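Here's the structure, in structure tokens; my notes come after.
So you know, we letter chains A, B, ... as the sequences are listed, proteins then strands, and number each from 1. Predicted model only: the values in this text are computed from it and were never measured.
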Amino acid sequence: MRRKSLPFALLLCVTSAEQAAAIEGDLLEERAVHGKVWFAIHVARTVFALLGYAVMQAPFRTTTLSAGAAAVSILMCLLIGRAFFGPEARSSAPLFGFATIVACAVLIGVGLARVAGALGVRAAAGTSLLLCIMFVVAQLLGGLEQPMSTDVDSPGLLAALGSLAFNLGLAFCLYPAPLLIASACAHTRRL
Amino acid sequence: MKVTHNLGEFEQVVLLAILRLQDEGAYGVSIRAKIAAHTERDPTPGAIYTTLERLESKRFVKSSMGEATAERGGRAKRYYHVTAQGVAALKRAQRAFQRLASGLAVLGDSNA
């Protein structure tokens with residue numbers, strides 16, 4: 001039974017299981033010569049190189065899927081946020097709005113990513129990757145929704161920009177990780 | 001209609017490295033080492049693997065799985081072999097290069 005490692009799981013998000021295993025083996029072989037730091041850096045660089053290659057194979061499809069998913073995600077965050085907290089909560093307590101966006105987006109993103117990851121494995125590694133990219137972009141753009149929802153008490157452009165920067169930074173840290181992990185879990189279930 | 005794929009410069013380098021490694025076995029690590037030994041470059045593993053994927057999609061190389069070893073964490077090697085189409089593409093690229101370079105004094109061609 002194959003050992004499931006983090007490098008293997010990351011490589012699985014961008015290529016097939018056979019290729020991911022072979023690449024991990026190659027990098028482990030070179031780790032004996034170049035060391036652990038070299039190994040970690042080149043696992044990351046290889047994942048990004050293969051990610052870029054997969055996106056370049058279908059740039060129009062990637063962009064279209066990402067834009068469509070972003071629109072759906074923003075709509076769902078708006079609808080669910082208002083359903084739980086109501087429009088008044090957003091103007092009187094901006095933190096509620098932000099928390100709503102984060103909670104709903106994480107639940108939707110991670111939940112759908114698990115399903116998408118499982119479906120993607122059955123289709124192809126490349127399709128799964130495209131779905132991951134789709135949800136990452138959707139969640140990043142979902143973080144834009146809060147500053148765009150203004151009311152008469154909004155604090156002004158500087159605060160809105162600060163809020164936007166904070167949301168995007170948090171989205172970048174939070175969302176890609178669960179999506180990659182979910183996709184990797186879906187992939188490794190086949191081993 | 002038959003589609004003719006052209007080879008990029010690094011693709012040619014990788015194909016030549018694979019051809020040189022046919023007896024020993026051409027896989028990621030050996031291909032990278034062969035290129036580093038014969039050229040003035042140290043390609044990253046990422047560049048090698050994306051090029052190999054591209055070459056395989058163009059059917060210029062084919063791959064097969066080898067044996068797993070303990071030093072590789074129990075992961076098998078993936079060996080590459082150049083196909084007949086790959087050899088033909090390489091010959092085309094080399095002939096085109098030679099035609100362009102032929103007679104150029106700046107390159108020190110004796111036929112200039």
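- Interatomic distance, B:Arg78 CZ to A:Gln19 CD, rounded to the nearest 0.5 Å: 4.5 Å.
- Between A:Ser5 and B:Arg75 the shortest side-chain heavy-atom distance falls below 4.5 Å.
- Between B:Arg72 and A:Glu24 there is no side-chain heavy-atom pair separated by less than 4.5 Å.
- B:Tyr27 and A:Val43 are not part of a single hydrophobic cluster, where members link through side-chain heavy atoms under 4.5 Å apart.
- By the rule that hydrophobic residues join a cluster once side-chain heavy atoms approach within less than 4.5 Å of another member, A:Val47 and A:Ile41 end up as members of separate clusters.
- Closest approach of A:Ile23 and B:Tyr49 over heavy atoms only: CG2-CE1, 3.7 Å.
- Transitive grouping of hydrophobic side chains (ILVMFWY, heavy atoms separated by less than 4.5 Å) keeps B:Ile35 and B:Tyr79 in distinct clusters.
- Between B:Pro45 and A:Leu27, some side-chain heavy-atom pair lies under the 4.5 Å cut-off.
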Could you go through B:Glu53 and A:Thr15, starting from their C-alpha distance and side-chain angles, then the distance that decides it, and tell me whether this counts as side chain to side chain donor-acceptor pair (under 3.5 Å)?
CA-CA 10 Å; B:Glu53 291 228 352; A:Thr15 190; 3.0 Å; yes
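- Cluster annotation: A:Phe48 is connected to B:Leu52 through the hydrophobic network of ILVMFWY side chains, with a link wherever side-chain heavy atoms come within less than 4.5 Å.
- Both B:Val87 and B:Phe10 belong to a common hydrophobic cluster when Ile, Leu, Val, Met, Phe, Trp and Tyr are linked at side-chain heavy-atom distances under 4.5 angstrom.
- Nearest heavy atoms, B:Val29 versus A:Glu29: CG1-OE2, 3.9 Å.
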